[in-house]
Amino acid sequence: MAILHTSTGKHHRIPSVTRGRKLDRLMPLVLLVASMVPILTTFGIVITLAADAWRFFAVVPLSEVFSTELAPLRAEPSFGILPLVNGTVLTSLIAMLVAIPVGLGTALYLSEFTSNRVRKIIKPIIEVIAGVPTIVYGYFAYSFVTPLLIKLLPGLGAKNVLSPGLVMGVMIIPIVASLSEDAMNAVQGSLREGAYALGSTRFEVAGKVVMPAAMSGIIASFVLGISRAVGETMIVSIASGSSKRFSFDITQSMQTMTGYIVEFTSGDAASGTTGYYSLYAVGLLLFIFTLILNLVSQAITRRFRLRAG
Amino acid sequence: MADKLQNIQIRTEALSLHYGAFQALKEVDLDIPARRITALIGPSGCGKSTFLKTLNRMNDLIEGVRVSGKVLIDGEDIYDPAVDVPLLRKKIGMVFQKPNPFPMTVYDNIAYGPRIHGIRNRRDLDEIVVRSLKDAALWPEVKDRLKTNALDLSGGQQQRLCIARALAVEPEILLLDESTSALDPASTSKIEDLMTQLKARYTIVMVTHNMQQAARISDWTAVFMLGEVIEYNRTGQLFNQPREQQTEAYLTGRFG
């Protein structure tokens, strides 16, 4: 900076130059502190979760935790987590059944089948969808998609797994589409040229050369989408309800892990009770869930990157 | 000059090409003989690579390119709307400036072309892979490494792999776009030897910046300048007794 000022013609003193050097030495420290904020926060979260979850696991036997009976407010409560895991897995599964094919198709279209001009218009629009607050999606699922689906499936409950699953899938499409498109776009043009020169059609270039070469990024986008689905709260709280029965019937209400936490932090569990500490146990499991997903994503990315050079 | 040529496989007639408003090729008429090596030389930006890419319609992939005039290959106009472009490119192999193997195994690189053209039988594919690698003088070096990633090969090996990959779809013509310019001298000379062997079976058209290379291995040489062919002759004659002053200036390194 100090050097730039001299080019304006003003006479600048040497001291401003030394000040710049000091700043250079100070800056990494400032940035280090900044980078520690998320790391320390994460540690803080883990410690809080683990400490309070411990109080839960000290009282409730593991055999009860891994059971299908969830009734935290009964006179003799039972804290089986499997109904919640089931609700989370089913809603996420439905979401990914929507998000993966549509997102990947969008990415392929943008990267391989359209002009730069069209891509520059469409991609930002898709990315805007990712910015819509999830409460809006939740409301949309409950008051628009569910009634629409009831016309097709008369047995569908007012609260059900199908509708929020589908809407969550739509919410995740931009994540899959945008990241996959980035990955495909990063594949060198020379590979495409090589494939075209061998007599490939556009479809063959996209499917047999570009997609395999971009596989690490594509899979990372899937895993990120799944983490989003697993952690998503608002849509499922609103539209899938709070039934704690263990079933695989996606036309009926189920509660997800996140939904359970929302229900019980909004006042049903008195502080200090086992029910209260169960929130931390569920939170910890959710944390471990997404942590594992992220590690898997990193491992896959690394493996494919080694192979793709 | 055309009267001295026999067995013409590629003929261009008033071939012009525009990138948007810029005219990169100006009514080029050129006859390229079958089973010979024809070198295209000239200063950077003279249109020689652009010309090469009109021969297998790789320019179609660039937005804003317009082509007029004719490119006749075996008498057929390849810019006719009825032409099946992927089939055309199968007939005309191309090797690029930088080696561009696919990020897959050596075997899958070679088998890629035959597979997309419908060969599924494992034994047939094996045979094609071996034959192509032998034809590209790469077999002894990779015969135990067919399952390794092609990106683990050296640059020179990668380029011969790309040649093998092009040969695997049984083309009749081979286009080389400065294909040795990114390689070391030893790899370059291997590929030059390979080309002199391959010309018995393939028509080879090569763009090169290396005039010694053109002099060493080509039979015919065309000199491009500002989108036009200013001189085209047998390589020996063109190098020893250039007709045009500009050719001589370029060959002696006075510009370009």
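Source: prediction; values computed, not measured. Letters A, B, ... are given to chains in the order of the sequence lines, protein chains preceding strands, and every chain is numbered from 1.
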Taking B:L175, B:L61, B:V169 one by one, which has the highest count of heavy-atom pairs under 4.5 Å against chain A? B:L61

Among residues 75-94 of chain B, residues within the sub-4.5 Å heavy-atom range of chain A, in order of number, are B:P86, B:R89, B:K90, B:I92, B:M94

What are the residues of residues 110-127 of chain B, in order of number, with any heavy atom under 4.5 angstrom from a heavy atom of chain A?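 Under the 4.5 Å heavy-atom cut-off, B:Y112, B:I116, B:H117, B:R120 qualify.
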
Heavy-atom contacts under 4.5 Å, residues 182-209 of chain A to chain B: A:S190, A:L191, A:E193, A:G194, A:A195, A:Y196, A:A197, A:L198, A:G199, A:S200, A:T201, A:E204, A:V205, A:K208, A:V209

Counting only non-hydrogen atoms closer than 4.5 Å, can you tell me which residues of residues 109-134 of chain A sit against chain B?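 At a heavy-atom separation under 4.5 Å, chain B is reached by A:S115, A:N116.
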
Against chain A, label B:P99 side chain, backbone, both or neither, depending on which of its atoms sit under 4.5 Å from a heavy atom there. neither

